[in-house]
Amino acid sequence: MRNLTLEEISKAFWYKIASWQTNQAIKSFTNNHKNPTPFSLVFIFPHDLDEDKLIQSLVKGHATGIVISREHKFQIDKFAQAGIGVLEVNNRKKAFRNLARLYRRQFSIPITQVIGSSGKTTTKGLIGSVLKQEYSTLVGVGNYNSPDGVAFNLSKLEKKHEAAVLEVGMQGFGIMRLSSQMIQPQIGVVTCIHRAHLNKLGTIENIIKAKAEMVEQLSPNGTLVINGDDTNCAEYIKRIKYPGKIITFGFSKGNTIRATNVYYKNFQSFFTVKGKDFKFDCMMNTFGSYNITNALAAIAVGLELQVPIKKIQQGIARFSPIKGRLQVLSCPNEVTVIHDNFNANPDSTNLLLSQVPYLPKRPIILVLGDMENPRTNEEYARKVHYRIGEKIGDLTIGKLVAIGKWAKEYCLGAKAKGISPDKLSYYTNVDEAKKDLPKIVPPKSIVIFKASVTYCDLEPLIHLFR
């Protein structure tokens, strides 16, 4: 890893030098102006910063310089006197992403890129847990998977890192390409391809096409790890014609790596992993067949990067879901809360519901909020929520509590499938439900919270049971 020069940076993005008397090197970049890394180029995004406090932070952190908008109100002389260089740009976000692309090329380490309609954050966490048993590994923060989030995560790369794993989201054509150009992945992982973004892209074919942009940047000497049980992933493989190695994972015999002998106990998963030349057992501190497929993807990456099997087993066993991602919480009155309120789409919700029959035989209370933007296409939103209600109608549950603008459709769908109306409760918002929910939940129940937190935050209801 070597220092960056202004000449190299000029090829990444256009800038105007407002001040650059400093002889310090540029070793990294960041958008953290409060605690900048030494010898970094600091991108300043807020407009209302106290100039003197900013300079103090930059000097204390031994920053080399800053990148600011051309339409700033800073006194450049103050930065010059403090030995802080100043570059002015027209578009800070674009410059930040372009520098991330340049900076990534400083590292000759394998980076794994995780994409898919659901399971990205969990799979990234599992891969990170596996790789950390053998390598110093950078794991992308939270679900920072937009191009700006990818650039932020790449800025966290350090000399010590031997591997990295980042997730990438997709809202339309060109987004996946933009992120993948920055990452230049050695391994690409596709968790699944479902109907998320159908409202924006119109067809599954378009979703596949948009996600296929990753493979344009995937090293031809690298590896594609993809869900072999997903029919849309099968179409993805046909479309991309990837020349490198392809590893499929799932439960079916035709997969490169598969899970057998699956069983659940105390909200943990136990399974055997089989491949051409290996067979070993794993335990994971979460449940659900879809999480076993996520684990298989992580195991495939671990094997590809030559992590010993014993350490792969340790990595899977030591993984813990992040907040709001199928967290299992033990609460008073022997109530178990399953907190899956971080994100939701029709397919991920259906996958969760498919696991209800495998849960311990206790009263099941479903608390489901909206999955779609309140401003989305009404016909589409009503239809997808209604169909989930129909799915619920096929289950044995104690109660369905539906909350949000579209959530009434859950109740209508469940009722159409024969669920008794006295098992259905609908509220327009979380505050309304707060009054009744504690009375609805009997002791020893399993309460499942699922919604897209952006549209319906169920956290206040979860706190009722803590």
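What you see is a predicted model; the values in this text were computed from it and never measured.
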Exercise for the section: Ignoring hydrogens and angles, state whether a donor on the side chain of S420 or D422 is under 3.5 Å from an acceptor on the partner side chain. Expected result: yes
Problem - Non-hydrogen side-chain atoms of L464 and L461 separated by less than 4.5 Å - result: yes
Problem - Residue pair T137 / E162, side-chain heavy-atom distance below 4.5 Å - result: no
Completion exercise
Separation between CD1 (I309) and CG (L303), nearest 0.5 Å, reads 6.0 Å
Exercise for the section: For residues F271 and Y263, establish whether the separation of their ring centroids is below 6.0 Å. Expected result: no
Problem - Min side-chain heavy-atom separation M170-I207 under 4.5 Å - result: yes
Exercise for the section: Say whether Q355 and S289, considering side chains only, have a donor N or O and an acceptor N or O under 3.5 Å apart. Expected result: yes
Exercise for the section: Taking atom OH of Y358 as the centre, report whether more than 12 heavy atoms of other residues, nucleotides or ligands fall under 6.0 Å from it. Expected result: no
Handout entry: Cationic N near anionic O, under 4.0 Å, D340 to K450
Key = yes
Practice task
For the residue pair D230 and Y236, confirm or rule out a side-chain donor-acceptor distance under 3.5 Å.
Solution key: no
Problem - Minimum heavy-atom distance between C411 and A402, given as atom pair plus value - result: SG-CB, 3.8 Å
Practice task
Keeping the roles fixed (side chain from W406, backbone from G369), state whether a donor-acceptor pair exists under 3.5 Å.
Solution key: no
Practice task
Answer yes when R382 and E378 have at least one side-chain N-carboxylate O distance shorter than 4.0 Å, and no when they do not.
Solution key: yes
Fill in the blank from the handout: Residues G302 and V130: closest non-hydrogen pair is CA-CG1, 3.9 Å
Problem - Ring center gap for F29 and Y103 short of 6.0 angstrom - result: yes
Practice task
Please confirm whether the backbone N or O of I183 pairs with a side-chain atom of R104, one donor and one acceptor, at under 3.5 Å?
Solution key: yes
Practice task
Report yes or no: does D370 contribute a side-chain atom to a donor-acceptor pair with the main-chain N or O of A407 at less than 3.5 Å?
Solution key: yes
Practice task
Consider only side-chain N and O atoms of T123 and T191, and report whether a donor and an acceptor are under 3.5 Å apart.
Solution key: no
Handout entry: Enclosure of R466 CZ (heavy-atom neighbours >12, cutoff 6.0 Å)
Key = no
Handout entry: Check: R318/Q133 side-chain N/O donor and acceptor closer than 3.5 Å
Key = yes
Practice task
Sort out for me which residue in Q217, E213, K209, Q181 forms a side-chain contact (heavy atoms from CB on, under 4.5 Å) with M176.
Solution key: E213
Completion exercise
Tested for side-chain hydrogen bond (donor to acceptor under 3.5 Å, both in side chains) against T223, the lone hit among K245, Q186, E304 is E304
Practice task
Check whether any side-chain heavy atom of V447 lies under 4.5 Å from a side-chain heavy atom of I462, and answer yes or no.
Solution key: no
Exercise for the section: Flag the pair I111 / L154 as yes when at least one side-chain heavy-atom distance between them is below 4.5 Å, and no otherwise. Expected result: yes
Handout entry: Enclosure of K156 NZ (heavy-atom neighbours >12, cutoff 6.0 Å)
Key = yes
Handout entry: Reported CD1-to-NZ distance for the pair I316 and K311, which is rounded to 0.5 angstrom
Key = 15.0 Å
Practice task
Assess the side chains of D281 and T272: does a donor N or O sit below 3.5 Å from an acceptor N or O?
Solution key: yes
Problem - Whether N255 side chain and S252 backbone form a donor-acceptor pair below 3.5 Å - result: yes
Practice task
Answer yes or no: is there a donor N or O on one side and an acceptor on the other, between the side chain of K408 and the main chain of G404, under 3.5 Å?
Solution key: no
Practice task
Would you confirm whether N345, through its side chain, and S117, through its main-chain N or O, come within 3.5 Å as a donor-acceptor pair?
Solution key: yes
Problem - Presence of salt bridge, K120 and E167, under 4.0 angstrom - result: no
Exercise for the section: For N285 and Q268, work out which heavy atoms get closest and say how close. Expected result: OD1-NE2, 2.6 Å
Completion exercise
dist L359:CG -> I338:CD1 (nearest 0.5 Å) comes out at 5.0 Å
Exercise for the section: Taking all heavy atoms of S180 and all of Q113, pick out the closest pair and write down the distance. Expected result: OG-NE2, 2.8 Å
Exercise for the section: Find out whether I392 and L368 are in side-chain contact, i.e. whether some heavy atom of one side chain is under 4.5 Å from a heavy atom of the other. Expected result: yes
Handout entry: Side-chain donor or acceptor of S129 paired with backbone N/O of L126 under 3.5 Å
Key = no
Handout entry: I448 side chain near V356 side chain, heavy-atom distance below 4.5 Å
Key = yes
Handout entry: Donor + acceptor pair across side chains of T336, R362 (<3.5 Å)
Key = yes
Problem - Spatial distance of atom CG (D394) from atom CD1 (I419) [nearest 0.5 Å] - result: 8.5 Å
Handout entry: Backbone of K132 reached by a side-chain donor or acceptor of S136 within 3.5 Å
Key = no
Practice task
Look up atom OH in Y426 and atom CD1 in I403, then write down how far apart they are to the nearest 0.5 Å.
Solution key: 10.0 Å
Problem - Under 3.5 Å donor-acceptor, N206 side chain and L201 backbone - result: yes
Handout entry: Pair N294, N291: side-chain N/O donor-acceptor within cut-off below 3.5 Å
Key = yes
Exercise for the section: Could you tell me whether the side chains of E235 and T231 share a donor-acceptor contact shorter than 3.5 Å? Expected result: no
Handout entry: Y144, OH: over 12 other non-hydrogen atoms inside 6.0 angstrom
Key = no
Exercise for the section: Determine yes or no for a side-chain-to-main-chain donor-acceptor pair under 3.5 angstrom, with R92 supplying the side chain and F45 the backbone. Expected result: yes
Practice task
Indicate whether the side chain of S219 and that of Q184 have a donor and an acceptor atom separated by less than 3.5 Å.
Solution key: no
Handout entry: 4.5 Å side-chain heavy-atom contact, P460 and K434
Key = yes
Practice task
Kindly state whether the ring of F287 and the ring of Y264 have centres lying under 6.0 angstrom apart.
Solution key: no
Practice task
Could you tell me whether H385 and Y410 have their ring centroids closer than 6.0 angstrom?
Solution key: yes
Exercise for the section: Find the distance between OG (S330) and CZ (F465) and round it off to the nearest 0.5 Å. Expected result: 14.0 Å
Practice task
May I ask you to decide whether K417 forms a salt bridge with E390, counting only side-chain N to carboxylate O separations under 4.0 Å?
Solution key: no
